[in-house]
Amino acid sequence: MKMLTAIIKPFKLDDVREALAEIGVQGITVTEVKGFGRQKGHTELYRGAEYVVDFLPKMKLELAIDDALLDQVIEAIIHVARTGKIGDGKIFVSDLEQAIRIRTGEIDTEAL
């Protein structure tokens, strides 16, 4: 099992969710986050005054997935979330030692 964390642009969330549902991903946790990478924010104009926006809005997706789906999930996220512009995001994959469904007590793959 793997824990996949993806940081994407907010307007891509619905497209990514639909793409993941099509390949059989049954659960996803989404958090509104702020951050910056290489783009290091940007400047905006508000009522004639210029100010720097250091942290940009992003969406953080967390998915616990079976190893067999890993490549499909990564490809789906990359294909749908890519705009070709700076700030498209990142995907992080880590090993998931154990998963337990609280309601039924199912463990590991059955819990997903």
Side-chain angles (χ1 to χ4, degrees):
M1 293 179 305
K2 301 291 184 194
M3 177 59 80
L4 187 140
T5 303
I7 309 296
I8 62 170
K9 291 184 175 185
F11 67 90
K12 288 293 189 173
L13 178 61
D14 287 335
D15 295 337
V16 170
R17 184 187 52 80
E18 289 172 12
L20 293 175
E22 286 178 14
I23 60 175
V25 173
Q26 295 180 357
I28 182 172
T29 300
V30 178
T31 310
E32 292 183 32
V33 296
K34 291 184 179 190
F36 69 90
R38 289 185 182 161
Q39 77 239 55
K40 297 189 177 49
H42 64 278
T43 58
E44 289 187 5
L45 196 62
Y46 180 71
R47 294 189 178 181
E50 193 173 278
Y51 66 99
V52 177
V53 177
D54 291 330
F55 295 99
L56 301 173
K58 301 288 182 178
M59 300 304 282
K60 179 179 177 182
L61 286 58
E62 296 174 294
L63 301 89
I65 56 174
D66 190 46
D67 290 338
L69 281 179
L70 180 63
D71 292 335
Q72 285 181 289
V73 169
I74 291 172
E75 287 301 318
I77 294 172
I78 290 172
H79 177 73
V80 175
R82 177 182 285 155
T83 66
K85 296 181 178 147
I86 195 163
D88 276 348
K90 297 265 191 323
I91 298 174
F92 306 100
V93 180
S94 54
D95 288 322
L96 183 60
E97 290 186 27
Q98 190 173 31
I100 303 165
R101 185 183 311 266
I102 295 172
R103 179 177 54 86
T104 62
E106 293 170 305
I107 297 176
D108 296 337
T109 306
E110 291 80 30
L112 300 180

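Quick note: numbers below take in every heavy atom, side chains included, and nothing from hydrogens, waters or symmetry partners. Since this is a predicted model, take the numbers as computed values, not measurements.
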Over all heavy atoms of both residues, which pair between [X] and [Y] is shortest? Give the atoms and the distance, please.
X      : Y      : result
Thr5   : Glu62  : OG1-CG, 4.2 Å
Leu69  : Gly24  : CD1-O, 4.5 Å
Ile107 : Glu110 : O-OE1, 2.8 Å
Gly87  : Lys58  : O-NZ, 2.7 Å
Ala81  : Ile8   : CB-CG2, 4.0 Å
Asp67  : Met1   : OD1-N, 3.2 Å

Matching residue for Val16 among Val30, Leu61, Val25 - test: side chain to side chain contact (heavy atoms under 4.5 Å, CB included): Leu61
Using a cut-off of 6.0 Å, state whether more than 12 heavy atoms not belonging to [X] lie near its atom [atom1].
X     : atom1 : answer
Lys9  : NZ    : yes
Glu32 : CD    : no
Arg82 : CZ    : no

Please check if the side chain of Thr31 supplies one atom and the backbone of Val33 the other of a donor-acceptor pair under 3.5 Å. no
[X], [Y]: one ILVMFWY side-chain cluster at the under-4.5 Å cut-off?
X     : Y     : value
Leu20 : Ile78 : yes
Ile74 : Leu13 : yes
Met59 : Ile65 : yes
Phe11 : Leu56 : no

Heavy-atom side-chain contact between [X] and [Y] under 4.5 Å:
X      : Y      : result
Lys12  : Arg17  : no
Ile100 : Glu106 : no
Leu63  : Met3   : no
Ile77  : Leu4   : yes

Output for pair (Arg101 CZ, Asp108 CG), nearest 0.5 Å, gives 12.0 Å
Would you compute the distance between atom CD1 of Ile23 and atom CD of Glu18 and round it to the nearest 0.5 angstrom? 13.0 Å
